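Structure first, then comments.
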Number of protein chains: 2
Amino acid sequence: MSYQIELRHFSYFLAVAEELHYRKAAEKLFISQPGLSTQIKQMEEILSVKLFERDKKKVSLTAAGTFLKGEVEFIMNHLSQIKRHLKLIDEGHLGEIRIGFLGSAMQKVIPNLLLNLKHKSPEVHTSLEELSNHAQINALQKDKLDIGFVRLARVPNGLQIKPVFEDTFSLVVPIDFHIDQSNFKGIHQMAEEDFILFSQDYSSLYYDTVMGICEDAGFTPKVSHKSVHALTIFKLVENRLGISIVPTALQYGFKMNVKFIELKKIKQKAILSVAWKADNRNPVLRQCLNLLLN
Amino acid sequence: MSYQIELRHFSYFLAVAEELHYRKAAEKLFISQPGLSTQIKQMEEILSVKLFERDKKKVSLTAAGTFLKGEVEFIMNHLSQIKRHLKLIDEGHLGEIRIGFLGSAMQKVIPNLLLNLKHKSPEVHTSLEELSNHAQINALQKDKLDIGFVRLARVPNGLQIKPVFEDTFSLVVPIDFHIDQSNFKGIHQMAEEDFILFSQDYSSLYYDTVMGICEDAGFTPKVSHKSVHALTIFKLVENRLGISIVPTALQYGFKMNVKFIELKKIKQKAILSVAWKADNRNPVLRQCLNLLLN
DNA sequence: CTATTTAATAAGTATGAGCTATCAAATTGA
DNA sequence: TCAATTTGATAGCTCATACTTATTAAATAG
């Protein structure tokens, strides 16, 4: 004799409670009638409660049985809901992801990801935080972020990184600057200008790459200001305090009196990458990497 | 290989989820560790979801496992409630209700409810448990309580809440304190006193409201002690370690050398509310809500 | 009174939960 | 650095029991 109710008992009980007929219930369950009889009897023994009245050829529920039927229906429904829920969590459609990003990722990559995610997994919550490369790497390692959008060539051990967006660089100059896309010959024309760049701390890869671009053109730029916000840089350019070189994607989204000259022939590209902790098991992270890398 | 989850799996899963250690969990369940391992593995196969991460000697819950733990706790509690309920029905008692409450509800609201209930439904069994706001909300969600008496402004999704008793606040001061109801001018007179309050953990709404009362009077109280029991607070006041502000209802039922000065003109009130799970189908709960809200 | 249908009982079978023994891998300790 | 210990997983076996078929007793119908 068993000492513990099992879900099997509940299925059997429900079938009998619905059919009020052992043979028919047994058929529905694909088991034999005697088997069903013994299991229901056992159930009544375990609970020490009579669930069915079997008088005079008729099967009917007792008061306790009627109560139990409602409860078991609830539990069975709840259970199948849980199973669906589990599947969603496992597939990364339900849950939360914490995203860090550089400002320049907000122009295209992040909105794209959020739209895809909303479409495929509407139940996923996202939290967004604009952070420097360095702060993102730190947060990833300390499990304060699930995913970061950075401009870096390498990441520390334990983290992984993959490029997701390659962009050209563009010169940013005041709106009435004497050179524009049509009469632009090459970066060497800018050798005498003051440069306003993103600070090295904010993204050293960016900084080194911009330096590389100028060196290839045969000069070392005079860097007069460094900032961590595109808005600040554009403001300074607008006020003729210098010119800048930034990822082309930044030309959308700001309303400024500056113009962009895209450096199409330059071999250096602005590469935006995703970074994450290799052993992060958040299923939503996996889902995001799928969306980003396929 | 079995194709259906059983309650046995749930017990085993809970043990491992609590211990995060297979051998210890197996001991607690009085079965062998290999048996437990295979059952958990089977469970993961049936649900097609990984529930535990067993990396590098450490067992931990996955996102799906964490979710399932909460759900299984709920189901197990609900199940044991069903069993008790079945027994009561079978024995001719009509039902049972499990009540949680803050100490201050015992002065008036709870005795009233119990008398009404006894009169209208003599067959109902009640179980009473004094708990903090937070513990009550938890217990309601996990189906360990049917109804709670709390001081909260909001409750989580899935729960419902309704005010049942509005009380004034009263100052509690030593019996021979130089101010009493007749020569009391206003709270500002207490600006220099030490305050002994219910701890913020016990009821943050109470704490914030009391702070609000003092701020409205133009000072920030010096809080020297925090407690979770009215008795303790009154003892401290009696021994001149400070004064307190509490719901006026608490003045009945304690025999202490303290006196109450009711703050009749203060706009803040001490509001006691009932909380319950919206989908709780215990008929006795409905009966109690009727008695309380009509 | 026979034929049919009901659920319960009896006896046998085979499935699988849980056992012991063991392994591989990681951790600890000298 | 290597033996000792501890972890969870695997393999093979055993026995409890869920479920089977065969049968019975009781009720209903024709």
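As the structure is a computational prediction, the values presented were derived from the model and not from experiment. Convention: sequence-line order gives letters A, B, ...; per-chain numbering from 1.
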(message) Using ring centroids (six-membered ring only for Trp), state whether B:Phe13 and B:Phe52 fall under 6.0 Å.
(response) yes
(message) Is it the case that the ring center of A:Tyr202 lies less than 6.0 angstrom away from the ring center of A:Tyr207?
(response) no
(request) Identify all stems in which DNA chain C takes part, counting only runs of at least 3 consecutive pairs (Watson-Crick or G-U wobble, each distance under 3.5 Å), and give each as one range with another, ordered by first number. (result) C:1-30 with D:1-30
Quick check against the 3.5 Å criterion: does [X] have a side-chain atom that pairs as donor or acceptor with the backbone of [Y]?
X	Y	result
B:Ser227	B:His229	yes
A:Asp167	A:Ala249	yes
A:Gln287	A:His93	no

(message) Using heavy-atom distances to pick each residue's nearest nucleotide on DNA chain D, tell me which of B:Thr38 and B:Lys24 is more 5'.
(response) B:Lys24
Tell me the interatomic distance from [X], atom [atom1], to [N], atom [atom2], rounded to whole angstroms.
X	N	atom1	atom2	answer
B:Leu36	C:dT20	CG	P	14 Å
B:Glu19	D:dT7	CD	P	12 Å
A:Lys41	C:dA7	NZ	C1'	12 Å
A:Arg54	D:dA27	CZ	C1'	16 Å
A:Glu6	D:dA16	CD	C1'	14 Å
B:Ile40	C:dG18	CD1	P	11 Å
A:Leu29	C:dA7	CG	P	13 Å
A:Arg23	C:dA8	CZ	P	14 Å

(message) Mind checking if B:Gln33 touches a base, just sugar-phosphate, or nothing, with heavy atoms under 4.0 Å?
(response) base
(request) Tell me what A:Phe52 touches on the nucleic acid: a base, only sugar-phosphate, or nothing, going by heavy atoms under 4.0 Å. (result) nothing
Please confirm whether the shortest side-chain N or O distance from [X] to OP1 or OP2 of [N] is below 4.0 Å.
X	N	answer
A:Gln42	D:dA18	yes
A:Tyr12	D:dA18	no
A:Ser32	D:dC19	no
A:Tyr22	C:dT9	no

(message) Does this structure show an ion pair linking A:Lys69 with A:Glu73, if we count only N-O contacts that are shorter than 4.0 Å?
(response) yes
Looking at [options], which one has an atom nearest to any side-chain atom of [X]?
X	options	value
B:Val59	C:dC19, D:dG8, D:dA18	D:dG8
B:Arg8	D:dT10, C:dG18, C:dA7	C:dG18
B:His21	C:dT9, D:dT21, D:dT7	D:dT7
A:Pro34	C:dC19, D:dA22, D:dC19	D:dA22

(message) Tell me whether the rings of B:Phe74 and A:Phe74 are parallel (<30°), tilted (30 to 60°) or perpendicular (>60°).
(response) perpendicular
(message) Which label fits A:Phe67 and B:His85: parallel for a plane angle under 30°, tilted from 30 to 60°, or perpendicular past 60°?
(response) parallel
